[in-house]
Amino acid sequence: MNAPVQKSNRKAELLSRTVEHVAIDQYDARPVIDAMRKMSFTSRDTARAADIWSMSLEDAACSTWLTLAGSTSAGGCMHIYRDMLKYGMIDVVVATGASIVDMDFFEALGFKHYQAQENVDDRDLRAEYIDRIYDTYIDEEELQACDHAIYEIANALEPRPYSSREFIHEMGRWLAAGNAKRKMNRMMVSTTSAVLLSNTHP
């Protein structure tokens with residue numbers, strides 16, 4: 001890890017607004033989807049996608065796969081994915097490494113993503129050790145701490161080739177052993193591991 005950088009008032013200001021994750025079990029979105037069915041463009045497509053998904057859930061012979069990009073997790077969708085697993089709405093998760101490590105595992109360690117401010121030069125962000133994903137900030141020092149945790153997990157394993165599924169399982173095991181700082185995100189990592197273990201083979 002690099003030497004820690006002293007937090008300035010400017011850095012604290014830039015990292016003052018955390019991204020809050022949407023929880024789908026806190027409200028009923030069906031009236032909004034039904035209204036979109038009568039609209040045009042992407043709104044009507046969204047309603048049609050919801051109908052297709054509902055049909056897949058009703059079909060016992062259909063397995064539902066969630067494919068996602070890392071930036072959506074950082075952007076506030078992490079609890080959506082967690083609850084989709086929790087309530088049996090998806091069977092398999094196909095995700096980028098960034099989704100699992102730099103987003104979910106990162107927040108399981110107690111770190112957060114932040115809402116970016118407008119018109120900030122990336123060079124100024126670099127000087128403050130802040131990384132940017134579109135309109136989202138990450139503290140680079142915290143990201144390095146996350147990388148170090150992955151390093152510790154890897155070093156503790158038997159030296160041999162591991163599939164991504166196996167390594168994700170080991171990450172979940174490490175968090176469940178008392179290393180997670182946020183219970184909600186720990187559930188997503190371990191649940192994701194369980195889903196992958198039950199639906200794939202080495």
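Numbering starts at 1 and runs along the sequence shown. Not measured: the values here are computed from a predicted model.
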- Query: Do Trp53 and Ile33 belong together in a cluster built from hydrophobic side chains that touch within less than 4.5 Å?
  - Reply: no

- Query: Any side-chain donor paired with an acceptor under 3.5 Å for Tyr151 and Asn155?
  - Reply: yes

- Message: Applying salt bridge (Lys or Arg N to Asp or Glu O under 4.0 Å) to Glu166 and Arg160, what does each step give before you reach the verdict?
- Response: CA-CA 11 Å; Glu166 287 180 295; Arg160 65 171 177 81; 3.2 Å; yes

- Are any side-chain N or O atoms of Ser54 and backbone N or O atoms of Ala50, one a donor and one an acceptor, separated by less than 3.5 Å? yes

- Message: Set out, in order, the CA-CA distance, both residues' side-chain angles and the distance that settles side-chain contact (heavy atoms from CB on, under 4.5 Å) for Asp135 and Glu118, then state yes or no.
- Response: CA-CA 8 Å; Asp135 64 349; Glu118 295 181 6; over 6 Å; no

- Query: Passes side-chain contact (heavy atoms from CB on, under 4.5 Å), Val22 versus Cys77? Steps please.
  - Reply: CA-CA 6 Å; Val22 174; Cys77 295; over 6 Å; no

- Output yes when a side-chain donor or acceptor of Asp91 lies under 3.5 Å from a complementary backbone atom of Trp65, and no otherwise. no

- Note on the structure: Those residues at least two apart in sequence (or on a different chain) that pass ring-ring contact (aromatic ring centres under 6.0 Å, His included) with Phe106 are Phe111, His113

- Message: If I take atom CD1 from residue Ile90 and atom OG from residue Ser63, how far apart are they, to the nearest 0.5 angstrom?
- Response: 11.5 Å

- Item | Approximate separation, where rounding is to 0.5 Å, of Gln117 CD and Ser16 OG | 5.5 Å

- So how far is it from Leu15 CG to Gln115 CD, rounded to the nearest 0.5 Å? 11.5 Å

- Item | Backbone N/O of Ser99 and side chain of Asp104: donor-acceptor pair under 3.5 Å | no

- Is any side-chain N of the basic residue among Glu141 and Lys11 closer than 4.0 Å to the acidic one's carboxylate O? yes

- Query: Do Leu175 and Phe105 have side-chain heavy atoms sitting under 4.5 Å apart?
  - Reply: yes

- Message: Do Val101 and Phe167 land in one hydrophobic cluster if side-chain heavy atoms of ILVMFWY residues count as linked below 4.5 Å?
- Response: yes

- Tell me, which pairs form a side chain to side chain donor-acceptor pair (under 3.5 Å) where one or both residues lie in residues 40-52, sequence neighbours left out? Arg37-Asp51

- In sequence, state the C-alpha distance, the side-chain angles, and the governing distance for Asp122 and Arg132, and then conclude on side-chain contact (heavy atoms from CB on, under 4.5 Å). CA-CA 8 Å; Asp122 284 345; Arg132 182 177 61 82; 2.9 Å; yes

- Task: With sequence neighbours excluded, tell me which residues meet ring-ring contact (aromatic ring centres under 6.0 Å, His included) with Tyr162.
- Result: none

- Message: Counting C-beta onward and ignoring hydrogens, is there a side-chain heavy-atom pair between Leu109 and Glu142 closer than 4.5 Å?
- Response: no

- Measure the spacing between CD1 of Ile100 and CE of Met171 and express it to the nearest 0.5 Å. 6.5 Å

- Query: Got a second to check how far Ser71's OG is from Asp102's CG, nearest 0.5 Å?
  - Reply: 12.0 Å

- Can you tell which of Val19, Thr18, Asp131, Val120 makes a side-chain contact (heavy atoms from CB on, under 4.5 Å) with Tyr137? Val120

- Task: Can you measure from CG (Asp139) to CD1 (Ile130) and round to the nearest 0.5 angstrom?
- Result: 7.0 Å

- With side chain to side chain donor-acceptor pair (under 3.5 Å) as the test, would you mind laying out the steps for Tyr81 and Thr72 before giving the verdict? CA-CA 10 Å; Tyr81 307 147; Thr72 57; 2.7 Å; yes

- Task: Check Glu107, His79, Arg82 against His21 for a side-chain hydrogen bond (donor to acceptor under 3.5 Å, both in side chains) and give me the one that passes.
- Result: Glu107

- Message: Testing the 3.5 Å rule here: is there a donor-acceptor pair between the side chains of Arg165 and His169?
- Response: no

